[in-house]
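Below: one structure, written as structure tokens.
Being a predicted model, the structure only gives us computed values, none of them experimental. Below, chain A is the first sequence line, B the second, and so on; all start at residue 1.
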2 protein chains.
Amino acid sequence: MARTSGSHSEITGPRLRAAAQALFARHGYAAVSMRRIAAEVGVQAGALYNYIPDKQGLLFELMKSHLDELLAAWQTLPKGVGARDALEAFTRFHVRFHLDRPDAVFIAYMELRNLDPANFRAIEALRRRYETVLEDILRQGAAEGAFDVADSKHAAFAVIAMLTGVTTWYRDEGRLSRAEVEDLYWSMVRKAVSA
Amino acid sequence: MARTSGSHSEITGPRLRAAAQALFARHGYAAVSMRRIAAEVGVQAGALYNYIPDKQGLLFELMKSHLDELLAAWQTLPKGVGARDALEAFTRFHVRFHLDRPDAVFIAYMELRNLDPANFRAIEALRRRYETVLEDILRQGAAEGAFDVADSKHAAFAVIAMLTGVTTWYRDEGRLSRAEVEDLYWSMVRKAVSA
DNA sequence: GTCTATAGCGAGATAGAC
DNA sequence: GTCTATCTCGCTATAGAC
């Protein structure tokens with residue numbers, strides 16, 4: 001089957017998402033034009049609309065697929081039984097997952113304001129599900145007496161904020177290895193919730 | 001001294017900064033137009049340029065004055081002598097200061113990407129000075145044996161990220177008082193760096 | 001599936017009257 | 001100091017040829 005010259009459906013879609021993710025993370029959704037994305041992909045702006053409904057739909061798909069992947073990755077992770085082991089697993093998973101996807105993380109946290117109301121609600125629900133994972137671990141550990149956490153929900157917010165902050169300073173060329181970064185955060189999280 | 005009708009230099013300037021701060025925090029710098037700010041102030045867009053050189057200068061002034069105020073407020077705070085007391089003072093100060101200025105905080109963290117290179121360097125230097133305050137407290141405490149912190153710099157990043165996260169969930173109408181929120185964060189910070 | 005061309009709109013910033 | 005009017009530019013999104 002001959003294919004029309006200039007037809008690249010299998011590669012333009014992924015390239016579009018990759019270019020948009022990189023540009024949105026670097027400059028912000030509102031500051032990046034469709035023309036700029038198209039130039040990065042190597043097509044004209046109009047051609048992008050074969051793959052997305054509009055710019056807003058592109059942002060939503062990037063954020064939704066990131067959070068879907070985050071939840072799926074956690075659920076398939078082999079875990080121990082006790083709350084302490086679960087907390088260590090969560091801490092190391094969160095640091096590792098976020099360091100592997102700095103652009104997607106940046107967008108998921110910074111571009112909530114630019115979502116349409118309906119899209120915002122969908123993304124917030126996914127984020128809330130992830131926060132609840134940690135909240136449940138902390139609550140279980142507190143019930144077992146392994147942790148001293150008066151307010152599981154707000155403690156979960158605090159821990160997630162601390163862990164996610166790693167993306168603002170970590171660089172692969174830096175002094176610390178990823179394993180050392182995991183250890184550093186696990187040490188602080190373990191003590192912060194300890195009895 | 002008669003004043004020209006329609007002349008309001010003393011109030012338009014502050015109103016411009018207040019309107020810009022609220023709108024930038026809510027919708028993002030790139031998504032807010034000068035016309036929208038002018039409408040909020042109650043003047044035409046052209047009149048704004050009597051007070052600012054351009055939109056970029058407006059953003060820079062908002063961010064710089066916020067960080068100047070942050071550093072000045074810390075420096076005039078009465079403090080104890082030991083590292084433990086200094087850490088508690090810093091924690092409570094940071095939470096209180098940030099809860100009082102949610103819009104300014106939001107802009108200072110989210111709009112770095114939209115600063116011109118020279119402006120970015122100036123803002124980053126101020127932020128770095130503030131991080132160093134906490135870093136020095138942690139280093140001193142580690143030297144005294146009061147804290148167990150292997151890496152003062154990255155521990156400071158982690159603590160600041162955790163504390164600043166309070167602005168993402170705290171609401172005045174919520175269940176917790178500000179004093180309770182301060183206590184919650186101080187409890188976690190104290191343990192996280194404890195020996 | 002991609003192209004060129006463009007409709008339709010709103011942006012930042014300036015000029016000059018009052 | 002603020003107004004109206006406007007310059008110039010870039011934006012999202014679509015239409016229709018290939």
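If you take CG of Asp54(B) and C1' of dT14(C), they are 13 Å apart, rounded to a whole angstrom. Ile11(A) has its CD1 atom 12 Å from the C1' atom of dT2(C), to the nearest Å. Here the P atom of nucleotide dG10(D) and the CE atom of Met34(B) are 19 Å apart, to the nearest Å. Rounding to whole angstrom units, OH of residue Tyr49(B) and P of dT6(D) are separated by 19 Å. Atom OH in Tyr29(B) sits about 14 Å away from atom P in dA11(C), given to the nearest Å. Between the CZ atom of Arg36(B) and the C1' atom of dG12(C) there is a distance of 17 Å, rounded to whole Å. For Ile52(B) and dG1(D), the CD1 to C1' distance is 15 Å, given to the nearest whole Å. Straight-line distance from the CG atom of Leu58(B) to the P atom of dG12(C): 11 Å, rounded to whole Å.
For Lys55(A), whose side chain is taken as the heavy atoms from C-beta onward, the closest listed nucleotide among dA13(D), dG1(D), dC3(D) is dA13(D).
Here Arg113(A) pairs with Glu111(B) in a salt bridge; the nearest charged N to carboxylate O distance falls below 4.0 Å. No salt bridge links Lys64(A) with Glu61(A); every basic N to acidic carboxylate O contact stays at or beyond 4.0 Å. A salt bridge is defined here as a Lys NZ or Arg NE, NH1 or NH2 lying under 4.0 Å from an Asp or Glu carboxylate O, and Arg127(B) with Glu124(B) meets this definition.
For the residue pair His98(B) / Tyr170(B), no side-chain donor-acceptor distance below 3.5 Å is found, with atom types taken as modelled.
Under 4.0 angstrom from either OP1 or OP2 of dT2(C) there lies at least one side-chain N or O belonging to Tyr51(A). OP1 or OP2 of dT2(C) has not a single side-chain nitrogen or oxygen of Gln44(A) nearer than 4.0 Å.
Counting any heavy atom pair closer than 4.0 Å across all strands shown, Val32(A) reaches sugar-phosphate atoms only and no base atom.
With DNA chain D read from its 5' end, the first of the two nearest nucleotides for Ser33(A) and Pro53(A) is the one closest to Ser33(A). Sequence order on DNA chain D of the closest nucleotides to Gly46(A) and Thr12(B) puts Thr12(B) first from the 5' end.
Between the base of dG10(C) and the side chain of Arg35(B) there is no donor-acceptor pair shorter than 3.5 Å.
Residue Asn119(A) holds its CG atom at 8.0 Å from CG of Leu59(A), rounded to the nearest 0.5 Å.
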